[in-house]
Amino acid sequence: MALIDARWNAGIERGDPGTLALRDAGVMSRHHERVAGFAARREGIRAALVSESGRTAAAEDPAAARTHPGVAAGVPRAESAGPGGVESAPSRGTARIDDGTALADGTALADGGIETALEERLGQVLPEFAAFVLLETGEGREALRDYYRPFIEIAARHGLPLVLDTPTWRANPDWGARLGVDAPALDRANADAVALVRTLLDAEAAGPETIVNGCVGPRFDDFVAGERMTAEDAQRYHDPQIRALAEAGADRVTGVTMLDAAEAIGVVRAAVAARVPVRVSFAVGPEGVLADGSTIAEAIAAVDGATAGAAEGFLVNCAHPAEVAAGLARDAGSAALGRLTGFRLNAAHHGDEGAGDAPQAFAEAELALRALAPAARVFGGCCGTDAPHIDAMAALCVSSERAAP
């Protein structure tokens, strides 16, 4: 809220006509009311996240999960438009994806591989593979909207809930430093990313069941044992980004492409401190194990054990479905695999520089993982996937539901 207030006050001081018009319309006062409600209701979420039994809020009080904290119907969310004014759009009551969805089993879609799609479909140049830099220009912001629009249309057409990741995988301190982006600018980028996705969902008349997921990427791309963080270091490192995403109103955050349990533990702890729901998505290699050699089940158990089960759930991303299947088979039947809530996978195997699987084959392979992870409900893409892959996934989800006895 402080970030939005600073921009708002600057616009008033400049005498910006757009900002003055919004002030006269009472937009900011209503925003303050919404954020005050958000903070109050997050207190309850924090208490539920780390309970004496170590169960999540959804497990302890299903009714509390039906509406995300802080979302008040009809109260605007503010989005910075940069110099020249403040955009605003009416907010939407955001339902949790596992409560009353179009399909009886709660299946939801996620978007695809944002960075590869921005480069390949939309011709964008992403330094250090960082999508958040596009927020700095009008052209870049429109490219981001063009990336998201097909997924909104697909979900609406098939009547499925939708999870959209913010373009913030690289918007953390070390990667920001490489790009010449300081801490205040990173805070602004994370806040702007949430606002852009939220406002687009409103403008595109998306269905009522949408999740704006704050994407938290890893500190390092490669696993070097001597450079790995402790869980305490990881919490300190990821705390600024998670707080910025939470303050901007992200429905939840997800630590994406996590290479080991320690960094994931830090992400979960930072999210609990920021009072925002959290999930963790691990990356695995060709053999289906994490970079430190842990199996998926071992990593999940380690995170849950160190955080009292505070994460809503776990995913796997940035690997081919066949690689993930091999990893899950190592611990088939493990209780920890019951904590897997979804997959966002690559079209190609590790080492394959081609286009990878065609959309239909990719969708079939990813959905087949439900046999090994029966609680998985969120299905999307990562590197090399785009709207056609998610459209094929949606069609299969709907057709399999209709064919079920």
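All values derive from a computational prediction rather than experimental measurement.
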Side chains of His389 and Asp357: any donor to acceptor distance under 3.5 Å? no

Does the side chain of [X] reach to within under 4.5 Å of the side chain of [Y], using non-hydrogen atoms?
X: Trp175; Y: Leu186; value: no
X: Leu372; Y: Leu337; value: no
X: Asp352; Y: His320; value: no
X: Ile300; Y: Phe282; value: yes
X: Val316; Y: Leu369; value: no
X: Val278; Y: Val267; value: yes

Whether [Y] and [X] form a salt bridge (side-chain N of Lys/Arg under 4.0 Å from carboxylate O of Asp/Glu) is what I want to check.
X: Arg228; Y: Asp292; answer: no
X: Arg188; Y: Glu136; answer: no
X: Glu153; Y: Arg157; answer: yes

Identified side chain to side chain donor-acceptor pair (under 3.5 Å) partner of Thr341 from the options Arg279, Glu312, Arg377: Arg279

N/O donor-acceptor pair under 3.5 Å between [X] side chain and [Y] backbone:
X: Glu323; Y: His350; value: yes
X: Glu119; Y: Phe129; value: no
X: Glu139; Y: Thr137; value: no
X: Ser334; Y: Ala336; value: yes
X: Thr168; Y: Cys215; value: yes
X: Arg149; Y: Glu204; value: no
X: Asp331; Y: Glu298; value: no

Taking only residues two or more places apart in sequence or in another chain, which ones pass side-chain hydrogen bond (donor to acceptor under 3.5 Å, both in side chains) with Tyr147? Asp111

Give, for atom [atom1] of [X] and atom [atom2] of [Y], the distance between the pair rounded to the nearest 0.5 Å.
X: Glu366; Y: Leu345; atom1: CD; atom2: CG; answer: 4.0 Å
X: Arg145; Y: Ile152; atom1: CZ; atom2: CD1; answer: 11.0 Å
X: Thr257; Y: Glu263; atom1: OG1; atom2: CD; answer: 9.5 Å
X: Asp182; Y: Asp187; atom1: CG; atom2: CG; answer: 9.0 Å
X: Asp192; Y: Thr199; atom1: CG; atom2: OG1; answer: 10.0 Å
X: Leu367; Y: Leu396; atom1: CG; atom2: CG; answer: 6.0 Å

With sequence neighbours left out, write down each residue that passes side chain to side chain contact (heavy atoms under 4.5 Å, CB included) with Asp233, or none if nothing qualifies. Met229, Thr230, Arg236

Using distance only, find each side-chain donor-acceptor pair of residues 378-388 under 3.5 Å and give its atom names and separation, not counting sequence neighbours.
{"from": "Thr385", "atom 1": "OG1", "to": "Gly113", "atom 2": "N", "distance (Å)": "3.2"}
{"from": "Thr385", "atom 1": "OG1", "to": "Cys382", "atom 2": "N", "distance (Å)": "3.1"}
{"from": "Thr385", "atom 1": "OG1", "to": "Cys382", "atom 2": "O", "distance (Å)": "2.7"}
{"from": "Asp386", "atom 1": "OD1", "to": "Arg121", "atom 2": "NE", "distance (Å)": "3.4"}
{"from": "Asp386", "atom 1": "OD1", "to": "Arg121", "atom 2": "NH2", "distance (Å)": "3.0"}
{"from": "Asp386", "atom 1": "OD2", "to": "Arg121", "atom 2": "NE", "distance (Å)": "2.6"}

Whether over 12 other heavy atoms sit under 6.0 Å from Glu353 CD: no

